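The next block holds one structure in the form of structure tokens; read it before the comments.
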Amino acid sequence: MNYNKSQKEKTAGVIRYSCGILFSLFSFCYLYFIQGEILAQAQHVYSNGITRYSILIGAIIITGILLCLQWLVSYITQLSSTHYAWSYIPSALVLAILTDVDEEAMMNFSFGPWLWIAPLVIILYALLIIGIKKFGESGDIVLNYNIRSMLYPNYIILFFTMLAVGAIPHTSDVYHFELKTERLILEGKYEEASKVGEKSLRTSARLTELRMYALSMMGQLPEKIFEYPQYDGKDGLLILNDTMPGTRLTSKWICHHLGAVCGNNIRNTDRYFYLVLNDTLWNEHTADYYLCNLLLEKKLQTFFEELPVYYNLSDTLTNPYDSLPKAFKEALIIMSNNQETPEKIVINGDSIATIHDTVMINDYIDYCHQKVGISNERERINKTHRSHGKTFWWYYDFSDKAEGELAPRKKKS
């Protein structure tokens, strides 16, 4: 009997601690890596910006509370080792409710369907526990404490519990990207912010605006602007009517960075740039935003006329055009449209300069060959995007014609 008792306690300990470790790891990773940004935004919105949520500390505290709840449930139910994992259901339920928050729920606080789902789950859980206590633990009379036969059922229950929790939230990945980018910018981590979701073709006007701001803070806006999807055109560069409640970083931050915060009656970016650039408030970031705005609108003639106003392209300098940012050089090359000698920038019949960036010139030649070598329009758009989608050339030629994920969004009036 002593041997059986010792074996039973040993088996129970292994099950208890292993399940605890598995659930703790899941809860912490889920709260820290996946749902941390959502919870941080939710606390900001619900507290009207008074309090700040720490993703690391929050994940630790919430996981600790969930483990305490599990311990309390386990103490009350007194489930045997074979059914021990069922004691994590209430904690999993709380975790699911806590993380099932989307943008709409934050703007209009509501528990939604959880008002009836949660009580129903609790009732079903109570009936399950009663059934287990009455019929499922009769096998404990037989002193069989084989650890494998008792671990597997618990692990299977935990696995499906975790799967259910992870499947409940329906927040889009783009919204996660927005929140993470916003947080990193507020922390001054501009390079990290610019890399959030960089491999995804999905974006939003808000996410694009944040990315462009991060690039501008690093002085790389005209260098890397077309390395990101620009489905919204100039509407994704600066959103002056960004009035979404609860936003931690508004357009006022960006306008302050550009030299002047616009009044509430200014809703048009063209008007904003006109007023700022005709004042003494503008800076080099304002100029880059303005010139990039012209490229996004594909106003190449205006871009060409305005470029010397903000960049020194004097003949007294040695190869001044070579020092221009990548997007500006690409715009001049495509404006010249000189496929035989693309390095020679000839605009309106005048030879402007020679660009000595051989890598860019060879890339443009390859782009032109690929563009004319594919007869099917859709195939041409997709293949050139795979090879040259991060250039102004592709944006200028195909951004309005693309379909599916690459299709441009309808511009705001």
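Since the model is a prediction, treat every value here as computed from it, not as a measurement.
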Test side chain to side chain donor-acceptor pair (under 3.5 Å) applied to Q41 and R248, step by step:
CA-CA 8 Å; Q41 177 68 6; R248 290 171 288 177; 3.1 Å; yes
Chi angles and distances behind the side chain to side chain donor-acceptor pair (under 3.5 Å) call for D357, Y321:
CA-CA 10 Å; D357 189 339; Y321 284 81; over 6 Å; no
With a sphere of 6.0 Å drawn around CD1 of I57, does it hold more than 12 non-hydrogen atoms of other residues, nucleotides or ligands?
no
Is there a side-chain contact between I38 and T99 in this structure, where contact means two heavy atoms from C-beta onward sitting under 4.5 Å apart?
no
Does atom NE2 of H356 have more than 12 heavy-atom neighbours from other groups under 6.0 Å away?
yes
Within the side chain of E306, is there an N or O that forms a donor-acceptor pair under 3.5 Å with the backbone of F303?
no
Give a yes or no answer on whether the side chain of S91 reaches the backbone of L66 with a donor-acceptor pair at less than 3.5 Å.
yes
Of D397, T384, N362, which is the lone residue that meets side chain to side chain donor-acceptor pair (under 3.5 Å) with Y367?
D397
So, taking the atom named CD in E178 and the one named OG in S172, what distance separates them when rounded to the nearest 0.5 Å?
7.0 Å
Return yes if some donor-acceptor pair links the side-chain N/O of R211 with the main-chain N/O of V196 below 3.5 Å, else return no.
yes
Out of curiosity, Y32 OH to T63 OG1, how far, rounded to the nearest 0.5 Å?
12.5 Å
Counting only heavy atoms not in K371, do more than 12 sit closer than 6.0 Å to its NZ atom?
yes
Does the separation of the ring centres of Y213 and H257 fall below 6.0 angstrom?
yes
Side-chain donor-acceptor contact under 3.5 Å, Q230 with S399
no
NZ/NE/NH1/NH2 to OD/OE distance under 4.0 Å, K234 and D270
yes
Should we count CZ of F160 as having more than 12 external heavy atoms under 6.0 Å?
no
Are any non-hydrogen side-chain atoms of M212 and Y289 less than 4.5 angstrom apart?
yes
Side chains of L79 and K133, heavy atoms from C-beta outward: is any pair under 4.5 Å?
yes
Scan K199, K180, R202 and name whichever one has a salt bridge (Lys or Arg N to Asp or Glu O under 4.0 Å) with D173.
R202
Could you tell me if the side chain of E330 sits less than 4.5 Å from the side chain of L295, heavy atoms only?
no
Short side-chain donor-acceptor distance under 3.5 Å, Q301 and E305
yes
Nearest heavy atoms of P169 and V165, plus distance in Å
CD-O, 3.2 Å
Heavy-atom neighbours of K298 NZ exceed 12 at 6.0 Å
yes
Donor-acceptor check, side chain of N48 to backbone of I50, threshold 3.5 angstrom: yes or no?
no
Is the backbone N or O of D322 less than 3.5 Å from a side-chain atom of N319, with the two atoms forming a donor-acceptor pair by type?
no
For T181, which of L249, L207, T208 qualifies under side chain to side chain contact (heavy atoms under 4.5 Å, CB included)?
L207
Check against salt bridge (Lys or Arg N to Asp or Glu O under 4.0 Å), E209 and R206
CA-CA 5 Å; E209 179 189 43; R206 170 67 175 163; 3.3 Å; yes
Might you work through the side chain to side chain donor-acceptor pair (under 3.5 Å) test for Y364 and T391, ending with a clear yes or no?
CA-CA 9 Å; Y364 180 68; T391 65; over 6 Å; no
Might you point out which heavy atoms bring N154 and S81 nearest each other, and give the distance in Å?
ND2-O, 2.9 Å
Side chains of L406 and Y231: does their closest heavy-atom pair fall under 4.5 Å?
yes
Which label fits F398 and W394: parallel for a plane angle under 30°, tilted from 30 to 60°, or perpendicular past 60°?
tilted
Spell out, as yes or no, whether a donor-acceptor pair under 3.5 Å connects the side chain of D400 to the backbone of P408.
no
CD1 (I117) and CH2 (W114) are apart, to the nearest 0.5 Å, by 5.5 Å
Taking the six-membered ring for Trp and the single ring otherwise, decide whether the centroids of W282 and Y310 are under 6.0 Å apart.
yes
Looking at every heavy atom in both L240 and C255, which two are closest together, and how far apart are they?
CD2-SG, 3.7 Å
State, to 0.1 Å, how close A92 and F23 come at their nearest heavy-atom pair, and which atoms those are.
N-CZ, 4.3 Å
Side chains of I89 and L128: closer than 4.5 Å at any heavy-atom pair?
no
Classify the ring geometry between Y84 and Y88 as parallel (under 30°), tilted (30 to 60°) or perpendicular (over 60°).
perpendicular
What I'd like to find out is whether the side chain of I129 reaches to under 4.5 Å of the side chain of V73, using heavy atoms alone.
no
Does any N or O in the side chain of K383 come within less than 3.5 Å of the main-chain N or O of Q370, such that one atom is a donor and the other an acceptor?
no
Looking only at non-hydrogen atoms, find the nearest pair between G259 and T286 and report the distance.
N-OG1, 4.5 Å
Parallel, tilted or perpendicular: ring planes of Y395 versus F226, cut at 30 and 60 degrees
tilted
CD1 of I352 to CG of L313: how many Å apart, nearest 0.5 Å?
10.0 Å
Once the angle between the rings of Y396 and F392 is folded into 0 to 90°, is it parallel (under 30°), tilted (30 to 60°) or perpendicular (over 60°)?
tilted
Tell me, with the steps shown, if S74 and S87 meet side chain to side chain donor-acceptor pair (under 3.5 Å).
CA-CA 5 Å; S74 177; S87 62; 4.6 Å; no
If you compare all heavy atoms of I334 against all heavy atoms of L300, which two are closest, and at what distance to 0.1 Å?
CG2-CD1, 4.0 Å
To the closest 0.5 Å, what do you measure between CD1 (I132) and OH (Y125)?
7.5 Å
Any E405 side-chain heavy atom under 4.5 Å of P229 side chain:
no
Could you grab the distance from atom CD of E37 to atom OG1 of T171, nearest 0.5 Å is fine?
12.0 Å
